[in-house]
Amino acid sequence: MLSCCAATAGASRRTRCIACRAGCAWRRRRCQVSGAPSSQSSRVLSAELLAHAGRQVQLSGWLQTRRELGGVTFLIVRDRAGLAQAVVDRPDVASQLSGLQVESVLQLTGNVVAEPRARGGAELRVEHVEVLSAVTEAPPFEINRPKLTASLDVWLDRAAFGLRHAEKRAALRIGAELARGFRKALVARGFVEIFTPKIVGSATEGGANVFPIDYFGRSAYLAQSPQLYKQMLVGVHERVFEVGPVFRAEPHATARHLNEYTSLDIEFGFIHDHRDVMAMAEAVLGETLAGLTERCADDLQLFAARVPVMRAVPIVGFHEAQEIILREYGEDCRGEPDLAPQHERWLGEWAQRAHGSDFLFVEGYPTAKRPFYTMPNPEQPEVSNSFDLLFRGLELVTGGQREHRYERLLAVMEARGVPREPFEGYLDAFRFGMPPEGGFAVGLERFVAQLLGLGNVREARAFPRDLTRLAP
RNA sequence: GGAGGCGUGGUGUAGUGGCCUAACAUGCAGCCCUGUCAAGGCUGAGAUCGCGGGUUCGAAUCCCGUCGCUUCCGCCA
């Protein structure tokens, strides 16, 4: 029952700890697992309990479960590293616990005993209890069960409490780990992390609606994408990425949309065409997923999640995709400028069946359906050098090559009726030298949701913003 | 913006014209229990069935309105 971080850290270093009392060989050193400095406390984490057998320690955490059997009471304590069992058989200690509900925060002192009957192989025989936070109100729903029974709406309204459930914690850790792995893979490839403004003066891309805000009396918007800024920064760093929030004001109410989500964005120069961007997406996301398997084994197991191997992802052209839908599923969407969600689900199913792949690249969407900065195919301008990456039938990534030629960019903007004035700052990037470039964006919460098989993206975000939910 | 589904103790569900004085599980409270690990046993409290109107001898149940939630579509990651 280890979290991602503690699992790997604990496996190789768990015996080194100054936290224990006299007799410990590692005294005066900093605990490598808990990070506790020698002067602070003698706290031991749940995952470290067995390594401290025979010693007196402090175990602190939330009271996850209490099982009273008359003369003996079992306490399951939760801390950041997992769960540990503590046993109370002294009436004076037991009386201190009366009236306390689950989630009370306790600091337990006692001896660690190796005990095969306890989960984790050891338990704490409690001699002293310090109540750090007494909870006397019965919780709104049960969070100490393997499955959370409360409905999405109910637990999200009490998210500060509901997120403590094992599956919710695990889903958030998976998201954190995906972001971490993404950063690591990109830094290794020479990308610089950037932080672009989330308050912007103009509604950049069009398409998606934006949230207007008041900016010292001027109208401004919450950024719907770092797109334009990351492109400008390609002119600065050549390779850039950002992990940050984006805001979409579309009034949609579906299981796959959020009005605020985390976008994993990259953009880089000196490419030949969008195929280079696809190759980068495959390499970076593949590496991110591979790291996840070893770092989050326990969390993944909670969901019985199968982590896909991302290698040689099949690529189909947009029109080819429509032909496949017609041939395999009998619906003729050829003429339509985009793929509907049902089409993407079919394509995901087909990719699994025909290629054994959880992923599918669809390239060459109609230029007219893509934003103005999209690079058209030089042979067929009505087809763009763009792509989507479907993950188990859901649009996870959008990317492509961008128009880097200043004069062409101006011409496209003119033809599409995009006003030049608000984009002068953007255009400077191209006026003063921009290599052929491209990039992509990944929806983090969608990634987590698809990976874990969550029914709703909202479950992949701590405090989701949707059509009606603005708090907590 | 459009379409469908669902609102019943704290939570999750059953009940879809009279058998409902509303059931079950879990949680909560009390009692019993020294090896539990979704602990077990006994007892108890807890819901005017989202709200308003209507049909009917009779409504949790049917109809209308309204509010809330949810899913799908449009759009997107």
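Just so it is clear, the structure is predicted and the values come from calculations on it, not from any experiment. Within every chain, numbering begins at 1; the chains are lettered A, B, ... in the order of the sequence lines, protein sequences first and strands thereafter.
No side-chain donor-acceptor contact under 3.5 Å links Arg78(A) to the backbone of Gly61(A).
If you measure from atom CD of Glu250(A) to atom P of G74(B), you get 13 Å, rounded to the nearest angstrom. In this structure, His343(A) atom NE2 and C73(B) atom C1' are separated by 12 Å, rounded to whole Å. Following rounding to the nearest Å, Leu454(A) (CG) and U71(B) (P) show an atom-to-atom distance of 13 Å. To the nearest angstrom, P of C76(B) lies 21 Å from CG of Leu444(A). Protein atom CG of Leu467(A) is 17 Å distant from nucleotide atom P of G74(B), rounded to whole Å. The CZ atom of Phe247(A) sits 16 Å away from the C1' atom of C76(B) (whole-angstrom rounding). Asp153(A) has its CG atom 13 Å from the C1' atom of U11(B), to the nearest Å. Taking atom CG of Asn259(A) as the reference point, atom C1' of A77(B) lies 13 Å away to the nearest angstrom.
With sequence neighbours excluded, the residues that form a ring-ring contact (aromatic ring centres under 6.0 Å, His included) with Tyr365(A) are Phe318(A). A search for ring-ring contact (aromatic ring centres under 6.0 Å, His included) contacts involving Phe247(A) returns nothing, not counting sequence neighbours. In this structure, the side-chain hydrogen bond (donor to acceptor under 3.5 Å, both in side chains) partners of Arg370(A), at least two apart in sequence or on a different chain, are Asp388(A).
Taking the six-membered ring for Trp and thresholds of 30 and 60 degrees, His252(A) and His257(A) have nearly parallel ring planes, at less than 30 degrees apart. Classified by interplanar angle (parallel below 30°, tilted 30° to 60°, perpendicular above 60°), the ring pair Phe447(A)/Phe391(A) is perpendicular.
Within the structure, ring pair (Phe, Tyr, Trp, His ring centres under 6.0 Å) contacts touching residues 124-158 of chain A (residues at least two apart or in different chains) are Phe141(A)-Phe161(A).
Between the side chain of His257(A) and the base of C75(B), at least one donor-acceptor pair of N or O atoms lies under 3.5 Å. The base of C76(B) is paired with the side chain of Arg446(A) by a donor and an acceptor separated by under 3.5 Å.
The ring of Phe74(A) lies on top of the base of U36(B), close enough and flat enough: under 5.5 Å between centres, under 30° between planes.
In the set C72(B), U34(B), C76(B), the nucleotide with an atom closest to the side chain of Asp89(A) is U34(B).
Comparing the same atom, P, in A60(B) and in G30(B) gives a spacing of 35 Å after rounding to whole Å. Straight-line distance between the C1' atoms of G54(B) and A59(B): roughly 11 Å, to the nearest whole Å.
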Taking N or O atoms only and anything under 3.5 Å, show me the protein contacts with nucleotides 24-27 of chain B, one pair per line.
from: U26(B); atom 1: O3'; to: Arg145(A); atom 2: NH2; distance (Å): 2.7
from: U26(B); atom 1: O2'; to: Glu142(A); atom 2: OE1; distance (Å): 2.2
from: G27(B); atom 1: OP1; to: Arg145(A); atom 2: NH2; distance (Å): 2.4

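When heavy atoms are screened at a 4.0 angstrom cut-off, Val246(A) is found touching no nucleic acid atom at all. Within 4.0 Å (heavy atoms only), Asn456(A) reaches sugar-phosphate atoms of the nucleic acid but no base atom.
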**Asked** What does nucleotides 40-46 of chain B look like as a protein-contact string, B for base, S for sugar-phosphate only, - for none, at under 4.0 angstrom between heavy atoms?
**Response** -------
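Ring to ring, Phe191(A) and Phe268(A) are close: their centroids are under 6.0 angstrom apart.
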**Prompt:** What's the verdict on ring pair (Phe, Tyr, Trp, His ring centres under 6.0 Å) for Phe372(A) and Phe423(A), showing C-alpha distance, side-chain angles and the deciding distance?
**Reply:** CA-CA 12 Å; Phe372(A) 71 84; Phe423(A) 294 97; 5.6 Å; yes
